[in-house]
Amino acid sequence: MVLDTFHVRDSPVKGASEVRASYTNTISLSVHPYTKRNVRAHYRRLSKHGWTIYVINRVADSPLNISNFVDVTDPELFPAAFVDGRIGGDYAPQHTSDLVRWPLLMKYGGIYTDVGHLQIGDLARMWDVTVGDPATPWDILSYNLGPATHRDLTNYFYAARRNNPLFARAHRLLLALWNADGGKVSTVGMHASPLLKGAPLIGPRFDEETRQKLTDYIIQGYCLTLVMGLVDEEDGWDGPTYSAGHIYALDCHVGSQLIQLYTNWNGTEAFRLLSLSLPAPGETESADQAKAREIVENCLGRSFGFKLAHGFIVQVMGETLGSLWRRHEGSDDVPGTYAHWLRQGMIHWTQDELPERLDFKVIEPYKRGPLLKENQP
């Protein structure tokens, strides 16, 4: 089971040389071809700046097994279902991955990103001028789903300094949900926990049942949303003030979902356009080719990344670009196509400017009172 990629600058991880030596064999055995290209693009862009890229897994005897990085038997880090390998439900791999992100980042600092995330902007430079610079106030770099008035960091990309206080509290809340009622083996129904009362359900564009299921699916992100809006005077925690002063949040829609905006979230249309061949020399560009060119040029010029979706969103929205690239092996990298052009741009080109931060203000709290008690009126 692959748990996604973890990036560390000037790696302090014990056995880093052995991990690097096993890198190629590990991803060749366990990762879809199009996500291998995502990981290799990260390596080609970041390794020359001193970054090590780990493709974390739970494969026995692998040097990249998560147990070689953090203590997976520590009940303050992982629920019993993780330790015993009993996490179930339709999205067990995703929820297993969710449970390792914050422990890794709290211990080492660095970047945790889904293998389905395509990096476009200059991540090394972005790190150096935000969370990598101790003179700045920025503890976390991520995308925010929604406007600056909304608190919903996307969990497919986190960059953070070690021992982050927001992640520490959100992880404690997440563990409380997993440990409730004698221990859970899936996230089904977690959205209804009284500990989460106050934060809006994820996905306001959908009906109530879908929002509940979507919140269960992204329960880790929902915990973070609540803690960003939590005021806990006993703990000395003011989430709204912390979030406004210490999070460098990027606009998710332009920053990592621009293809969706051009295709109205139609994955089949995105796949069709990016699979087109560029015009041959002397050939007139068609309307479809012009739209595909506009998508690629704007992604390379305006986006910091692009998130390929594969999980619950496929049930809600239908086929996605990621699910179709997975099904049609190699279709994301056919020479002469717009998809290949996008791939080449990710490796060999970058933007002059870094994306601006959303101007987070201090919002009204979602919850007042202790983190692990019900919301106080």
Table please: side-chain donor-acceptor pairs of residues 183-190 below 3.5 Å, with sequence neighbours left out.
{"from": "K184", "atom 1": "NZ", "to": "D181", "atom 2": "OD2", "distance (Å)": "3.1"}
{"from": "S186", "atom 1": "OG", "to": "V188", "atom 2": "N", "distance (Å)": "3.4"}
{"from": "T187", "atom 1": "OG1", "to": "D216", "atom 2": "O", "distance (Å)": "2.9"}

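- Around the CD atom of E353, the shell of radius 6.0 Å holds no more than 12 heavy atoms that belong to other residues, nucleotides or ligands.
- Remark: I140 CD1 to L224 CG distance equals 6.5 Å, nearest 0.5 Å.
- L123 is not listed as a side-chain neighbour of R45, based on a closest heavy-atom distance of 4.5 Å or more.
- Between the D235 side chain and the P370 main chain, no donor and acceptor come within less than 3.5 Å of each other.
- Residues K307 and T154 are not in side-chain contact: their nearest non-hydrogen atoms beyond the backbone lie 4.5 Å or more apart.
- Here the straight-line distance linking atom CE of M106 with atom CZ of R162 works out to 13.0 Å at 0.5 Å rounding.
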inquiry  = For I218 and Y222: C-alpha separation, side-chain torsions, deciding distance, then whether side-chain contact (heavy atoms from CB on, under 4.5 Å) applies.
reply    = CA-CA 6 Å; I218 317 178; Y222 193 53; over 6 Å; no
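- When hydrophobic residues (I, L, V, M, F, W, Y) are linked wherever their side-chain heavy atoms come within less than 4.5 Å, the members clustered with I363 are Y366.
- Taking both residues in full, the closest heavy atoms of I259 and L342 are given as CD1-CD2, 4.4 Å, listed atom of the first, atom of the second, then distance.
- Placement of V334 and W341 in two distinct hydrophobic clusters is found when ILVMFWY residues are connected by side-chain heavy-atom separations under 4.5 Å, directly or transitively.
- Side-chain polar atoms of D139 and Y242 form a donor-acceptor pair below 3.5 angstrom.
- Without hydrogens or angle criteria, Q119 side chain to G121 main chain gives a donor-acceptor distance under 3.5 Å.
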key: Verdict with reasoning, T320 to L308, per side-chain contact (heavy atoms from CB on, under 4.5 Å)   = CA-CA 8 Å; T320 66; L308 294 165; over 6 Å; no
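- Using a distance-only test at 3.5 Å, with no hydrogens or angles considered, a donor-acceptor pair links the side chain of R161 to the main chain of D133.
- A heavy-atom distance below 4.5 Å is not found between the side chains of L104 and Y54.
- A tilted orientation is assigned to the rings of F157 and H117, their planes being inclined by 30° to 60°.
- Both W178 and V83 sit in one connected hydrophobic cluster of ILVMFWY residues. Membership requires side-chain heavy atoms under 4.5 Å apart, directly or through other members.
- Ring pair H171/Y158: centre-to-centre distance not below 6.0 Å.
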query = Stepwise, does the side-chain contact (heavy atoms from CB on, under 4.5 Å) test hold for V100 with F78?
reply = CA-CA 8 Å; V100 309; F78 296 99; 4.0 Å; yes
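- Looking only at atom types and distance, the side chain of T136 has no donor-acceptor partner in the side chain of Y248 under 3.5 Å away.
- Closest non-hydrogen pair, L250 versus F304, comes out as CD1-CD2, 3.7 Å.
- Of all the heavy atoms in G255 and S303, the pair that sits closest is O-CB, 3.7 Å.
- The CZ atom of R40 sits 9.5 Å away from atom OG1 of T35, with the distance rounded to the nearest 0.5 Å.
- No side-chain heavy atom of L321 sits under 4.5 Å from any side-chain heavy atom of T263.
- No side-chain heavy atom of Y338 sits less than 4.5 Å from a side-chain heavy atom of I295.
- Taken together through direct or relayed side-chain contacts under 4.5 Å among Ile, Leu, Val, Met, Phe, Trp and Tyr, V70 and W102 form part of one hydrophobic cluster.
- In this structure, the side chain of T113 engages the main chain of Y156 through a donor-acceptor pair within 3.5 Å.
- With hydrophobic clusters built from ILVMFWY side chains whose heavy atoms lie under 4.5 angstrom apart, W237 does not share a cluster with V231.
- By the 30° and 60° cut-offs, the orientation of the rings of Y217 relative to Y91 is perpendicular.
- In plain terms, the two heavy atoms of G146 and L358 that are nearest each other are O-CD1, 4.0 Å.
- Contact record, L141 with M126: CD2-CG, 3.7 Å, taken as the closest heavy-atom pair.
- In terms of heavy atoms, I202 sits closest to T215 at N-OG1, 3.0 Å.
- D238 is listed as a side-chain neighbour of P240, based on a closest heavy-atom distance under 4.5 Å.
- Taking the ring centre of F360 as origin, the terminal cationic atom of R151 falls inside the region bounded by 6.0 Å and 45° from the ring axis.
- For the residue pair R343 / N38, a side-chain donor-acceptor distance below 3.5 Å is found, with atom types taken as modelled.
- Annotation for E329: atom CD does not count as buried by contact number, only 12 or fewer foreign heavy atoms lying within 6.0 Å.
- In this structure, the side chain of R211 does not engage the main chain of F206 through any donor-acceptor pair within 3.5 Å.
- Taking CG of N144 as the start and CG of D152 as the end, the distance is 6.5 Å to the nearest 0.5 Å.
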task = Show your working on salt bridge (Lys or Arg N to Asp or Glu O under 4.0 Å) between D232 and R169 and close with a plain yes or no.
result = CA-CA 11 Å; D232 181 351; R169 289 168 174 82; over 6 Å; no
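- A donor-acceptor pair under 3.5 Å is formed between the side chain of H246 and the backbone N or O of P137.
- Judged by distance alone, with hydrogens and angles left aside, the side-chain atoms of K367 form a donor-acceptor pair with the main-chain N or O of L195 at under 3.5 Å.
- Q260 has its side chain within reach of F306: a pair of non-hydrogen atoms, C-beta onward, lies under 4.5 Å apart.
- Judged by distance alone, with hydrogens and angles left aside, the side-chain atoms of S47 form a donor-acceptor pair with the main-chain N or O of Y43 at under 3.5 Å.
- Taking the side chain as every heavy atom from C-beta outward, L173 and V227 approach each other to under 4.5 Å.
- Residue T96 holds its OG1 atom at 7.0 Å from CZ of R58, rounded to the nearest 0.5 Å.
- With hydrogens and angles left out, the side-chain atoms of S97 and R101 include a donor and acceptor closer than 3.5 Å.
- A continuous path of hydrophobic side-chain contacts links L273 to L261 [ILVMFWY only; heavy atoms under 4.5 Å].
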task = Assess whether side-chain contact (heavy atoms from CB on, under 4.5 Å) is satisfied between F82 and L77, documenting all intermediate values.
result = CA-CA 10 Å; F82 182 97; L77 292 179; over 6 Å; no
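- For S67 and N65, the side-chain atoms include at least one donor-acceptor pair closer than 3.5 Å.
- Judged by distance alone, the side chain of Q289 and the main-chain N or O of S277 form a donor-acceptor pair under 3.5 Å.
- Here the CD atom belonging to Q351 is positioned 7.5 Å from the CD1 atom belonging to I120, to the nearest 0.5 angstrom.
- D207 and T210 form a side-chain donor-acceptor contact under 3.5 Å, judged by distance and modelled atom types alone.
- Side-chain atoms of D98 never come within 3.5 Å of backbone atoms of G221 as a donor-acceptor pair (strictly under, hydrogens ignored).
- The number of heavy atoms from other shown groups lying within 6.0 Å of CD (E208) is above 12.
- Ion pairing between a basic and an acidic side chain is recognised when a charged N comes within 4.0 Å of a carboxylate O; K291 and E294 show no such pairing.
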